[in-house]
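Notes for the one structure printed next.
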Amino acid sequence: MTKGLLIALEGVDGSGTTSQRERVANALREQGRTVHTTAEPSTGPIGKLLREILSGEMKTSPETVALLFAADRLDHLKREIVPALEQGQIVLTDRYIHSSVAYQSLAMDKDWVISLNREAKLPDLAILVKVSVEVAAQRRQERGGPEELFDAIEAQRKIASAYDLAFEQENLGPTATIDGEANMETVTQSILDIINKRLEA
Ligand code: TYD
């Protein structure tokens, strides 16, 4: 039995989930909660391989990428997420199953992608931080760094729609959507309010 809570922050590249994850984690810690922050691709062996594929250093098929993300998730759960949940921690992950459903269903059948993730624990809550593709592109540009596999604006537009479809899916656990274009503090507070409501339930 797991005692903690698994919460995923989701959104297109540049939606701000990484910064928000830290801000929300700190706010929860101030409330006296123990929080473990993490991300996918994970820091494990399959996550490392995925980073090489995302950067273009290594090439493979979309099917293989979908399988690797699903494998990385099971590895991430076993190595990191489940032990933290068993200690009663709140695990706040930057991306989880909904990312696979949104990104990998661009090239592959959505139900096949979902079936690959059947053995993965569902999140207790997945939060979509919604920003327009234009704002996300501007933020990615300001952040700098190399272009990755899914960074092109047209791909991002498709990913944004695929995210909407993923969040309409009823078999992937409870979800919430927030406006990610508000200022940093407002977005943090919106995420915090949703999590606190879940914690009180
Ligand atoms: P990202 O959060 O952008 O990492 P970083 O900011 O360090 O580059 O995630 C990397 C990419 O991986 C991103 O484009 C989304 C993609 N991705 C998938 O395609 N499927 C998945 O299941 C996950 C977790 C991520």
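Everything quoted here is computed from the prediction, not taken from an experiment. Whatever order the structure lists ligands and atoms in, that order sets their numbers, starting from 1.
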Task: Which of the ligand 1 atoms, numbered from 1, are nearer than 4.0 Å to a heavy atom of Tyr103 - done: 14 (O), 15 (C), 18 (C), 19 (O)
TODO: Please check if atom CD in Gln141 has more than 12 non-hydrogen atoms from other residues, nucleotides or ligands closer than 6.0 Å.
DONE: no
Open item on the list: Looking at atom 1 (P) of ligand 1, tell me if a protein heavy atom falls under 4.0 Å from it.
Closed with: yes
Open item on the list: Suppose we measure from atom 25 (C) of ligand 1 to each protein heavy atom; which comes out shortest, and what is that distance?
Closed with: Phe69 CE2, 3.4 Å
Open item on the list: Salt bridge or not between Glu134 and Arg157? Use side-chain N to carboxylate O under 4.0 Å.
Closed with: yes
Open item on the list: Test your reading of the model: is there a side-chain donor-acceptor pair from Asn117 to the backbone of Val113, 3.5 Å cut-off?
Closed with: yes
TODO: Would you mind running through ligand 1 and noting each atom that sits below 4.0 Å from a heavy atom of Gln104?
DONE: 18 (C), 19 (O), 20 (N), 21 (C), 22 (O)
TODO: Pick whichever of Val12, Leu50, Thr93, Asp13 has a heavy atom sitting closest to atom 13 (C) of ligand 1.
DONE: Asp13
- [ ] In plain terms, say whether Arg95 and Asp13 are close enough for a salt bridge, that is, a side-chain N and a carboxylate O under 4.0 Å apart.
- [x] yes
TODO: Report the residue from Thr37, Asp124, Val35, Thr38 that forms a side chain to side chain contact (heavy atoms under 4.5 Å, CB included) with Val91.
DONE: Thr38
- [ ] List the steps and the verdict of side chain to side chain donor-acceptor pair (under 3.5 Å) for Thr188 and Gln20.
- [x] CA-CA 6 Å; Thr188 307; Gln20 289 299 340; 2.6 Å; yes
Open item on the list: Heavy atoms only: which of Arg51, Arg95, Arg73 lies closest to atom 4 (O) of ligand 1?
Closed with: Arg51
Task: Nearest protein heavy atom with distance in Å, relative to atom 22 (O) of ligand 1 - done: Ser100 OG, 2.6 Å
Open item on the list: Before we go on, tell me: are the rings of Tyr163 and His98 under 6.0 Å apart, centre to centre?
Closed with: no
- [ ] List every atom of ligand 1 that sits less than 4.0 Å from any heavy atom of Glu148, numbering the atoms from 1 in the order shown and giving each element.
- [x] 8 (O)
Task: Nearest-contact summary for atom 10 (C) of ligand 1 - protein heavy atom, Å - done: Leu54 CD1, 3.7 Å
